[in-house]
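For ligands, and for the atoms within them, numbers begin at 1 and follow the listed sequence. This is a predicted model, so every value here is computed, not measured. One is the number of the first residue; the rest follow in order along the sequence.
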Amino acid sequence: MGEISVENLTEQEARAELARLSAFMRAAEAAYYQADAPNIDDAAYDALKARNLAIEAQFPELVRADSPSKRVGAAPASGFGKIRHEVPMLSLGNAFSDEDVVEFDTRVRKFLSLTEPVRYTAEPKIDGLSLSIRYEDGKLKYAATRGDGEEGEDVTANALHVSGIPQFVENAPVILEVRGEVYMEHTAFEALNKRQEAAGEKPFSNPRNAAAGSLRQLDASITATRPLSFFAYAWGALSEPLANSQNGAIERLAKMGFATNPLTKLCDSPEALIRQYKEIERQRATLGYDIDGVVYKVNDLALQTRLGMRSTTPRWAIAHKFPAETAWTRLEAIDIQVGRTGALSPVARLHPVTVGGVVVSNATLHNEDYIKGLDSKGAPIRDGRDIREGDWVEVYRAGDVIPKIRDVDLSKRENPEPYTFPKACPICGSDAIRESGDAVARCSGEFSCGAQRLEKLKHFVARQAFDIDGLGAKQVQAFVELGWVAEPADIFTLKARYGEALAKREGWGEVSARNLLNAIEARRTIPLNRLIFSLGIRHVGENSGMLLARTYQSWAAFQAAMIAAQPHEGAAWEELNGIDGVGEVMAASVVDFFHTEITRKMVEALVEQLTIEDVLPPDAGNSPVAGKTLVFTGSLSKISRAEAKAQAEGLGAKVSGSVSAKTDILVAGEKAGSKLKKAESLGVQVLTEDEWLALIAQTR
Ligand code: IVH
């Protein structure tokens, strides 16, 4: 179908081909989805889809109402297979200044209770995308992108086209997962963009996007035409250790044929790390590929193991970022957005400007004080210069975060009027109230405010929450506007109420409606931690959702405890507050949520629709403390408090900050005081530091 190149099509031919494509692709979708018997393969389908898009781009007036480009969620080749990482792929904490680097080193040594220096590696932070490649018996088995860290996309066929990734390795462990960064060199990037432009395709905005777009190509033959490179810098699952040091392990990977970065250096002090940072920064412009900082890693792998990780970042590594690029532009207007928790967030609408390769037209202005030139404590920022509509401002981007404003040029100011922050919600008109101690004003409309309602629903379906395939922010907004969905429970009754209407909506059709409804059904069963996070309780993020879930384990127990809890008193409050990582502010917010009628009812209606899976503490094998609640008190002499806590959690224990009837074990170091007395009076088992170390040594 369609051999004539798109530029040479007459209008009549284009119209006929679009009609054919629509009918043919609809049949293909039906064969794929309904009959589970595809009549064309994914690559052929993609080629048709691309052809359809190209013709539509050439003849926008001919785009059909039933065009395949408008059908939602009906693309058979809409994705790669998923691969679960045996060892999660972590991200890195950031350092922005020399002081942050010194602090990192101090933190590491404190955790390890070391006074002597720790040795680190320093290496460039490559600005690409990370990849995990698994070898079994020396043969490349599969390659997966990072994804959400737990589960990535299967890009095996594409990885074979990346230089620096061998297909076979010798003298390797039977199971070897090599991790590193896929990137595109500047010369390759420029050549690719020239080809894109010559073919009438959109050029890529930077090498990182080009690398990501090329690796994540469903058609591996396209990847093959895009020169990608790889640096190995880490590993995942291994059947045996590679070495006993970071640099030793990297050297072994280099011997096996992986590309490794030549600027990696061993450093014996934070000062040496900073020297290497400056050296790498000096070479940055001539490297021929993009880097955005320097990564420091503890070199001794035994120490890395002891340091372990926080929920998504290791304690033994940090990324020292290069300062963000900036650009000057005009601030055209200040808009107010209302967020999920009612916060009124001012947004700067900017005259579009390129900052570090990306076009920026919005920047956050944080809050009222920030616009006035004051920080959260009332001290001046930007020497107290305020920001007004019409001002010339300096914009910067740090990594993927929303652009920010660094400074304002008073010499170009024309507007005599300082900005006045609204006293009412611009969406629903309710009073905007700023409570003492809160940096932002909040709309008091709660669920009656359309903006809050919408944002809460968007949060509900977000990736870390319910993550319903095909139900993103845009669809949620459409359903809210139609009046089909007003609260989370409505999503699960959508099928009964509007299933038929959905299939008849423009741009939908039977197949995409069924896909969405099936995706919703698939999420009726949800783990407790995700449910808690999805509720959008103020101060409860993804990690806190997990902490709460691991503590209460079942929805019934969690709900009962929150309803029983009264702020600042009683056993249920004590237990909630005793969870390590839950502070008073979060505890009060959760209790308040369950004691407010509107949110309580919303939750009741939702829970009726769901099957909620219990969350168990992490599997700790033969751990003697799995599922037990521990409290550490007094000073420990052999290991730091932080390390003791991390060990206990790693063995499946809950670590609490206060002793109660629920405490199973108190580990009392020297000079233990009131907690020891309380434990004794409650008959809680008390261990000395040595007894604790002996107990956990059994698990090694
Ligand atoms: S180490 C457990 N080393 O930066 C630590 N990461 O911001 C795993 N990255 O997800 C990462 N260059 O994609 C490491 N030399 C390097 C890196 C590097 C780039 C990326 C990686 C990671 C992200 C974290």
Is the contact between A317 and ligand 1 made by the side chain, the backbone, both, or neither, using heavy atoms and a 4.0 Å cut-off? neither

Below 4.0 Å, non-hydrogen atoms only: which portion of Y296 touches ligand 1? Side chain, backbone, both or neither. neither

Which residue and non-hydrogen atom of the protein lie closest to atom 17 (C) of ligand 1, and at what distance in Å? Y233 CE2, 3.4 Å

For the residue pair E394 and T326, confirm or rule out a side-chain donor-acceptor distance under 3.5 Å. yes

Strictly under 6.0 Å, is that where the ring centroids of F322 and Y277 end up? yes

For the residue pair Y289 and Y183, categorise the inter-ring angle as parallel (less than 30°), tilted (30 to 60°) or perpendicular (more than 60°). tilted

Judged by heavy atoms only, the candidate from L92, I126, I250 nearest atom 12 (N) of ligand 1 is I126

Ion pair present between E86 and R134, side-chain N to carboxylate O less than 4.0 angstrom? yes

Is any side-chain N of the basic residue among R208 and D290 closer than 4.0 Å to the acidic one's carboxylate O? no

Just to check, does W235 reach to within less than 4.0 Å of ligand 1 when the distance is taken from its heavy atoms? no

Looking only at protein heavy atoms, which one is nearest to atom 15 (N) of ligand 1, and what is the separation? E123 OE2, 2.7 Å

Using a plain distance cutoff, I'd like to know if L129 has any nitrogen or oxygen under 3.5 Å from a nitrogen or oxygen of ligand 1. no

Taking only non-hydrogen atoms of P314 and a 4.0 Å limit, the atoms of ligand 1 in range are 2 (C)

Can you confirm whether E170 is buried at CD, in the sense that more than 12 heavy atoms of other residues, nucleotides or ligands lie under 6.0 Å from that atom? no

Note the single closest protein heavy atom to atom 10 (O) of ligand 1, along with its residue, its atom name and the distance in Å. L90 O, 3.6 Å

Step by step, work out the side-chain hydrogen bond (donor to acceptor under 3.5 Å, both in side chains) result for N247 and Y120. CA-CA 9 Å; N247 74 323; Y120 300 93; over 6 Å; no

Under a heavy-atom criterion of less than 4.0 Å, does G180 contact ligand 1? no

For the residue pair K265 and E123, establish whether any side-chain heavy-atom pair is separated by less than 4.5 Å. no

Best match, K297, K125, R146: closest heavy atom to atom 3 (N) of ligand 1: K297

In the protein, what heavy atom is nearest to atom 13 (O) of ligand 1, and what distance, to one decimal place, separates them? E181 OE1, 2.8 Å

